Amino acid sequence: MVQLVGSLRKELADSLSTCKVLVVGAGGIGCELLKNLVLTGFKNIEVIDLDTIDVSNLNRQFLFQKKHVGKSKAQVAKESALQFCPTANITAYHDSIMNPDYNVEFFRKFMLVMNALDNRAARNHVNRMCLAADIPLMESGTAGYLGQVTMIKKGMTECYECQPKPTQKTFPGCTIGNTPSEPIHCIVWAKYLFNQLFGEEDADQEVSPDTADPEAAWNPEDTAARATASEKDGDIKRVSTKEWARSTGYDAVKLFNKLFKDDIMYLLTMDKLWKKRKAPTPLDWHQIENSACPQEAFTGTGLKDQQVLGVWGLCQLFQHSVETLRSQLQEKGEGAELVWDKDDPPAMDFVTAAANLRMHIFSMNMKSRFDVKSMAGNIIPAIATTNAVIAGLIVLEGLKILAGEIESCRTIFLNKHPNLRKKLLVPCVLDPPSANCYVCASKPEVTVKLNVHKTTVQSPQDKILKERFGMVAPDVQIEDGKGTILISSEEGETEANNSKFLADFGIRNGSRLQVDDFLLEVVGEAPDKAPPPQANQEEVNSITNGNKDSAQPSTSSKAPAEDDDIMIVESDEEEGASSSSAAAAASSGTKRRHSDAETGEASSKRPRTDQSSAAAADNDGDDDIIALD
């Protein structure tokens, strides 16, 4: 007779009490998941989240209350979950999962990892770490009333990045407000700003840095004091952006200096945010005005909407659009509000200017008005009940793994409407790994065709390694017998190389490069002319609890290139190579190891991707990077 402990077999219940699991994210899904885990019988749980609690979280993240605003999500979630089960052993980390401290060895101590994340970059990272550690990963996400749960296991299923992802529509507030890393983050911020200044204000769309964010202080005592202060009245007092703007008479210069100088200088006080990120650079209106010249108004040729304005040109566009929108608001009368419309020229000008200025501050390539207009999308709300359903499914699928029934795991989709069989929950068989995936393939390699005499080191680093393959801080070594380091993740180590041409390092047709643990080969001749640009599709490395992006697995080799000078050419391995392209390299090399300062032992840098990339061609073509196989 089968012995039961509650609703579980005794053997499984015993396993739950001893196994160690990791929950990545303590937001919408994470709160529900943590509660479910302790009530199911899990005793050893570690939870990590970098975010702090905001007022707008309280309508769906039910482990948090008003008195917790400004505190660490992970820490408060732990304390709340312990009230359900005081005997549970929960460890909370107020940190980013992408911190190098959480390396492969950290992941190997868990029997199961459960993602409840809100951005694609972190999901990619956890996916790669779990593959490297050979630990099962439960991936999940929601988009309004839609949701999905799937299991990822090395060599058995597709990984998170085996398939391309749709463009993201929603983004975490901390990314929008404090740490944008993609142009779309700045565009969403600019739309929020429009509403804060001219439209209907929304607490979920705050654009100013949170002055009660514990991350503003590096000192732990200061952090605790800041959190305690916010608890006294159970809320954070903020000055309305619209009220402040009205008090200045919508003075464009004052608005500019507040948004792009004062707020950015405040962000710089959050030391921890910039420990592993490039810090933003504040802008001052008067300094720009005094140093501006007419030639800086715009860059590029062609139609006006397709030109990328210079910084001073954006300042002028910002000023003109603010003045126009102020007049529209005054004409409508007291208490009137404007509605953002991409077809309204002043509104579109405002978002274009504000978004691009923020891109410049955070060291991103700026976009034309046409690009900004095409990227601006709608926001999908987060639904508490969807999070609850998905969190329950994560635990049910996780129980199968711990019961030794991993083959019975399924990808489960939650639909908004019943299907033909009148089912809202639709289970599907897990797909096997993709042979073309640059992350989980056994020998990930690519070939890149480019002009080594005209292409600088910075170009493939930004356009291929970071944009195309989503690497965070790649290390690139030339296979020249000397182990020459072309690009280093160590800040400042190879910065002088960025402006040099690839040919300056002896890179030519047939050269081979290693990126992290992955081998690249430089082969072939660049065609005389670049192929026609593909339809613009912004690849956004983010995902959220409230994003369709999470309902499907991620970046594949079939994702279209965003830049006109990069052509992605996908093909299976061929028996023979044409005269313009040599055969790809065979096996990946071993990446150099860095000595650990404390132990003196060599420690491998954490893998950031299972993707590889390459460079080049010896010809005089006009284009930077021509083809990627």
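All values derive from a computational prediction rather than experimental measurement.
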(Q) Tell me whether Arg123 contacts the main-chain N or O of Leu117 through its side chain, where contact means a donor paired with an acceptor under 3.5 Å. (A) yes
(Q) Lys367 vs Val308, test: side chain to side chain contact (heavy atoms under 4.5 Å, CB included). Steps then yes/no. (A) CA-CA 6 Å; Lys367 299 290 181 181; Val308 178; over 6 Å; no
Q.
For Leu259 versus Leu193, what's the shortest heavy-atom pair and its separation?
A. CD1-CD2, 3.6 Å
(Q) Using side-chain heavy atoms (C-beta onward) and a distance below 4.5 Å, is Ile288 in contact with Cys315? (A) yes
Q. Do side-chain atoms of Tyr250 reach the backbone of Leu197 as a donor and acceptor pair under 3.5 angstrom?
A. yes
**Q.** Derivation and outcome, side chain to side chain donor-acceptor pair (under 3.5 Å), residues Tyr93 and Asn99
**A.** CA-CA 11 Å; Tyr93 302 93; Asn99 187 314; over 6 Å; no
Q. Who pairs with Ser247 by side chain to side chain contact (heavy atoms under 4.5 Å, CB included), at least two apart in sequence or on another chain?
A. Trp244
(Q) Can a donor-acceptor pair be found, under 3.5 Å and without considering hydrogens, that links the side chain of His320 to the backbone of Gln316? (A) no
Q: For the pair Leu393 and Ile390, evaluate side chain to side chain contact (heavy atoms under 4.5 Å, CB included) and give the outcome as yes or no after the intermediate values.
A: CA-CA 5 Å; Leu393 291 171; Ile390 293 302; 4.2 Å; yes
Q. Do you see a donor-acceptor pair shorter than 3.5 Å between the side chains of Ser368 and Asp371?
A. yes
Q: Side-chain contact test, heavy atoms from C-beta onward, threshold under 4.5 Å: evaluate it for Leu317 versus Phe350 and give yes or no.
A: no
Q. How far does NZ of Lys66 sit from CG of Leu58, to the nearest 0.5 angstrom?
A. 8.0 Å
Q) Just by distance, with hydrogens left out, do Asn115 and Glu139 show a side-chain donor and acceptor under 3.5 Å apart? A) yes
Q. Donor-acceptor pair, Asn419 side chain versus Leu424 backbone, under 3.5 Å?
A. no
Q) Nearest heavy-atom pair of Phe362 and Pro280: which atoms, and what distance? A) CE2-CB, 3.6 Å
Q. Would you find a donor on one side and an acceptor on the other, under 3.5 Å apart, between the side chain of Ser80 and the backbone of Leu63?
A. yes
(Q) Is any side-chain heavy atom of Met138 closer than 4.5 Å to one of Met114? (A) yes
Q. Under a 4.5 Å cut-off applied to non-hydrogen side-chain atoms, are Phe64 and Val69 in contact?
A. no
Q. Salt-bridged, Asp49 to Lys73, with N to O below 4.0 Å?
A. no
Q. Between Thr385 and Val389, is any pair of side-chain heavy atoms under 4.5 Å apart?
A. no
Q: Say whether, by atom type as modelled, one donor and one acceptor occur between the side chain of Asp344 and the main chain of Asp341 under 3.5 angstrom.
A: no
Q: Classify the angle between the aromatic ring planes of Trp285 and Phe256 as parallel (below 30°), tilted (30 to 60°) or perpendicular (above 60°).
A: perpendicular
(Q) Determine whether a donor-acceptor pair (N or O, by modelled atom type, separation under 3.5 Å) exists between the side chain of Arg277 and the backbone of Leu273. (A) yes
Q. Got Gln328 and Leu325 here, is their nearest side-chain heavy-atom distance under 4.5 Å?
A. yes
Q: Measure across Cys31 and Ala26 and return the closest heavy-atom pair with its distance rounded to 0.1 Å.
A: SG-O, 3.6 Å
Q: Using the side chain to side chain contact (heavy atoms under 4.5 Å, CB included) rule, take Arg369 and Asp349 through it: C-alpha gap first, then chi angles, then the decisive distance, then the call.
A: CA-CA 8 Å; Arg369 189 178 189 276; Asp349 286 344; 2.8 Å; yes
Q. Does Leu50 offer a backbone N or O that forms a donor-acceptor pair with the side chain of Ser96 under 3.5 Å?
A. no
**Q.** Pair Gln458, Asp462: side-chain N/O donor-acceptor within cut-off below 3.5 Å
**A.** yes
Q) Which distance, rounded to the nearest 0.5 Å, do you find between the CD1 of Ile361 and the CG of Asn356? A) 11.0 Å
Q | side chain to side chain contact (heavy atoms under 4.5 Å, CB included) between Glu32 and Ile394, worked out | A | CA-CA 10 Å; Glu32 294 289 338; Ile394 294 172; over 6 Å; no
Q: Using side chain to side chain contact (heavy atoms under 4.5 Å, CB included) as the criterion, list what pairs up with Glu337, not counting sequence neighbours.
A: Glu200, Lys242
**Q.** Between CD on residue Glu182 and CE on residue Met375, distance to nearest 0.5 Å
**A.** 8.0 Å
(Q) Taking the side chain as everything from C-beta on, heavy atoms only, tell me whether Tyr102 gets closer than 4.5 Å to Val24. (A) no
Q) For the residue pair Phe198 and Phe194, does the interplanar ring angle fall in the parallel (under 30°), tilted (30 to 60°) or perpendicular (over 60°) class? A) tilted
Q. What residues, two or more places apart in sequence or in another chain, satisfy side chain to side chain contact (heavy atoms under 4.5 Å, CB included) together with Asp251?
A. Thr248, Val253, Lys254
Q | Distance, nearest 0.5 Å, that separates OG1 of Thr179 from NZ of Lys278 | A | 16.0 Å
Q: Starting at CD1 of Ile184, measure out to CE of Met359 and round the result to the nearest 0.5 Å.
A: 8.0 Å
Q.
Is it the case that atom CD in Glu495 sees more than 12 heavy atoms from other parts of the structure closer than 6.0 Å?
A. no
Q: Return yes if some donor-acceptor pair links the side-chain N/O of Trp274 with the main-chain N/O of Leu267 below 3.5 Å, else return no.
A: yes
(Q) Looking at every heavy atom in both Ala74 and Ala92, which two are closest together, and how far apart are they? (A) O-CB, 3.5 Å
Q | Nearest heavy atoms of Ile97 and His125, plus distance in Å | A | O-NE2, 3.4 Å
Q) Is any side-chain heavy atom of Thr142 closer than 4.5 Å to a side-chain heavy atom of Ile383? A) no
Q. Of the non-hydrogen atoms in Ala355 and Ala190, which two are nearest, and what is the gap between them?
A. N-CB, 3.7 Å
**Q.** Euclidean distance, Gln196 CD relative to Lys191 NZ, rounded to 0.5 Å
**A.** 14.0 Å
Q. Can any side-chain N or O of Thr269 pair as donor or acceptor with the backbone N or O of Met265 at less than 3.5 Å?
A. no
